[in-house]
2 protein chains.
Amino acid sequence: MKNSKLYKGSLITIILKLLSEHEKMYGYEITQKVKTITKGALKITEGALYPALHKLEADGLLSVEIVEVNNRLRKYYKLTEQGNKETVSKLNELENYIKTMQTLISPKPSWQ
Amino acid sequence: MKNSKLYKGSLITIILKLLSEHEKMYGYEITQKVKTITKGALKITEGALYPALHKLEADGLLSVEIVEVNNRLRKYYKLTEQGNKETVSKLNELENYIKTMQTLISPKPSWQ
DNA sequence: TTTACATACCTATGTATTTTAGGTATTGTT
DNA sequence: AACAATACCTAAAATACATAGGTATGTAAA
């Protein structure tokens, strides 16, 4: 990811959410999808993405299918059953985080 | 901070925002304030807070005033002029982050 | 045609932030 | 007397990510 340090900690959530919407995706596709959805506001770096995908796979949240397309290999990832559960959990965490931060930054009149 | 990894990267923003509302605060007070405002959802650890305060001071965003209260020392921090500007900037960053993440996690119907 | 960019994967090292796990010292509570 | 709360601190480890490389194929431009 590029730019704001706030994105630290949200990569896993982003990957899981995208996979919950797309059945199967490969790494490069994820980087491009995030770029277009966020209109360039967020760029996932490959140095962060690939190790994250490998960890999610090792943790049993993703399964892999290797496919050759145009003489190039693609590694398609999809959510496992456990991955689906973790996605729900991570999205709840994110919503809680956003609510908490909005509580903290919502303007407080000086008499409070 | 305890719990969710999403809070990584938001400590500085939280400190600056609190100081923009309270004129002056000391470290321990900040930990307690965050705990009460968030109803225990977020606990800032001292091992993260004090180095962060020292860095903000070194960067010229905070000024310090040491006061003795009840035979104990308190280090009151307040925003400098530069600190005020940085607060605005950090809050904008946070709002952008939240908007971007909401774009990413907003439910997408399957035909999109 | 060769240069450059896009596609598609990868990893090692460095850096920054935070957690963990301590430490000191005083005051208030049980 | 023992413990929690107040108030500060730091060193070492863990974590996540950025940086900066690497390989290889396909495609478009010069």
Side-chain angles (χ1 to χ4, degrees), chain A residues 1-16 24-36 40-59 61-62 64-77 90 93-94 97 101, chain B residues 1-16 24-36 40 42-59 61-62 64-77 90 93-94 97 100-101:
Chain A
M1 321 213 206
K2 285 266 169 63
N3 299 327
S4 175
K5 292 164 186 172
L6 293 168
Y7 288 101
K8 269 178 204 281
S10 40
L11 177 59
I12 297 296
T13 307
I14 292 169
I15 293 171
L16 293 178
K24 62 174 181 173
M25 297 183 87
Y26 55 100
Y28 186 77
E29 187 184 9
I30 292 175
T31 65
Q32 302 306 304
K33 205 71 172 179
V34 168
K35 211 193 288 178
T36 57
L42 176 56
K43 282 164 193 159
I44 292 182
T45 61
E46 299 188 338
L49 177 66
Y50 288 112
L53 287 172
H54 300 160
K55 185 178 187 306
L56 288 170
E57 188 197 350
D59 290 348
L61 305 182
L62 301 183
V64 187
E65 185 198 354
I66 300 181
V67 177
E68 195 183 306
V69 179
N70 290 333
N71 210 26
R72 273 197 219 98
L73 292 182
R74 282 183 191 171
K75 287 179 75 173
Y76 277 102
Y77 292 90
K90 286 289 182 188
E93 251 188 41
L94 178 58
Y97 167 78
M101 289 304 287
Chain B
M1 320 214 208
K2 286 265 168 63
N3 299 326
S4 175
K5 292 167 188 172
L6 293 167
Y7 289 101
K8 274 175 202 282
S10 40
L11 177 58
I12 297 296
T13 307
I14 292 168
I15 294 171
L16 292 178
K24 62 175 182 173
M25 297 183 86
Y26 55 100
Y28 186 76
E29 187 185 10
I30 292 175
T31 65
Q32 303 306 303
K33 204 71 172 179
V34 168
K35 212 193 289 180
T36 57
L42 176 57
K43 283 163 192 160
I44 292 182
T45 61
E46 300 187 338
L49 177 66
Y50 289 112
L53 287 173
H54 300 161
K55 187 180 185 304
L56 289 170
E57 187 197 351
D59 291 349
L61 305 182
L62 301 184
V64 188
E65 185 198 354
I66 300 181
V67 177
E68 196 183 306
V69 179
N70 290 335
N71 210 28
R72 272 198 219 97
L73 292 182
R74 281 183 190 171
K75 286 178 76 173
Y76 277 102
Y77 292 90
K90 287 288 183 188
E93 250 188 40
L94 178 58
Y97 166 80
T100 298
M101 290 305 287

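Chain letters run A, B, ... following the sequence lines, proteins first, then strands; residues in each count from 1.
When the C1' atom of dA24(D) is taken as reference, atom CD1 of Ile66(A) falls 16 Å away, rounded to whole Å. The separation between Glu68(A) atom CD and dC9(C) atom C1' is 13 Å, rounded to whole Å. In this structure, Lys33(A) atom NZ and dT7(C) atom C1' are separated by 16 Å, rounded to whole Å. Across the protein-nucleic acid pair, Tyr76(B) atom OH and dT6(D) atom C1' stand 12 Å apart, rounded to whole Å. Rounded to an integer number of Å, the gap from Arg74(A) CZ to dT23(D) P is 23 Å. Residue Leu49(A) contributes atom CG, which lies 13 Å from atom P of dA8(C) at whole-angstrom precision. Atom P of nucleotide dA11(D) and atom OH of Tyr50(B) are separated by 16 Å, given to the nearest angstrom. dT19(D) atom P lies 12 Å from atom NZ of Lys43(A), rounded to whole Å.
Ser10(B) is not listed as a side-chain neighbour of Tyr97(B), based on a closest heavy-atom distance of 4.5 Å or more. Annotation: side chain of Gln32(A) is in contact with side chain of Lys35(A) (closest heavy-atom distance under 4.5 Å). Residues Thr13(A) and Glu93(A) fail the side-chain proximity criterion, which asks for heavy atoms closer than 4.5 Å.
Evaluation of the side chain to side chain contact (heavy atoms under 4.5 Å, CB included) rule for Val64(B) yields Glu57(B), Ile66(B), Lys75(B), Tyr77(B) as partners, not counting sequence neighbours. With sequence neighbours left out, Tyr26(B) forms a side chain to side chain donor-acceptor pair (under 3.5 Å) with Arg74(B). Taking Lys55(B) as the reference, Asp59(B) meet the salt bridge (Lys or Arg N to Asp or Glu O under 4.0 Å) condition, with sequence neighbours excluded. Among residues two or more places apart in sequence or in another chain, the side chain to side chain contact (heavy atoms under 4.5 Å, CB included) test is passed with Lys5(B) by Lys8(B).
Nucleic acid contact class of Gly27(B) (heavy atoms, under 4.0 Å, all strands): sugar-phosphate only.
Nearest nucleotide to the Lys5(A) side chain, out of dA16(C), dT6(D), dA8(C): dA16(C). Residue Tyr28(A) places its side chain closer to dT7(C) than to any other of dT18(C), dT7(C), dC10(C). Of the listed nucleotides (dC10(C), dT18(C), dC8(D)), dC10(C) has the atom at the smallest distance from the side chain of Lys75(A). Out of dC8(D), dT18(C), dA8(C), the shortest distance to the side chain of Tyr26(A) is found at dA8(C).
At a non-hydrogen distance threshold of 4.0 Å, nothing from residues 51-59 of chain A comes into contact with DNA chain D.
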Next on the checklist: Within the 4.0 Å limit for protein heavy atoms, which parts of nucleotides 23-30 of chain C are touched? Write it as a string from 5' to 3', B for base, S for sugar-phosphate only, - for none.
Outcome noted: ---BS---

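The shortest heavy-atom contact between Gly27(A) and Leu53(A) is CA-CD1, 4.0 Å.
Each of Leu61(A), Leu49(A), Val34(A) was scored for a side chain to side chain contact (heavy atoms under 4.5 Å, CB included) with Ile15(A), with one residue passing: Leu49(A).
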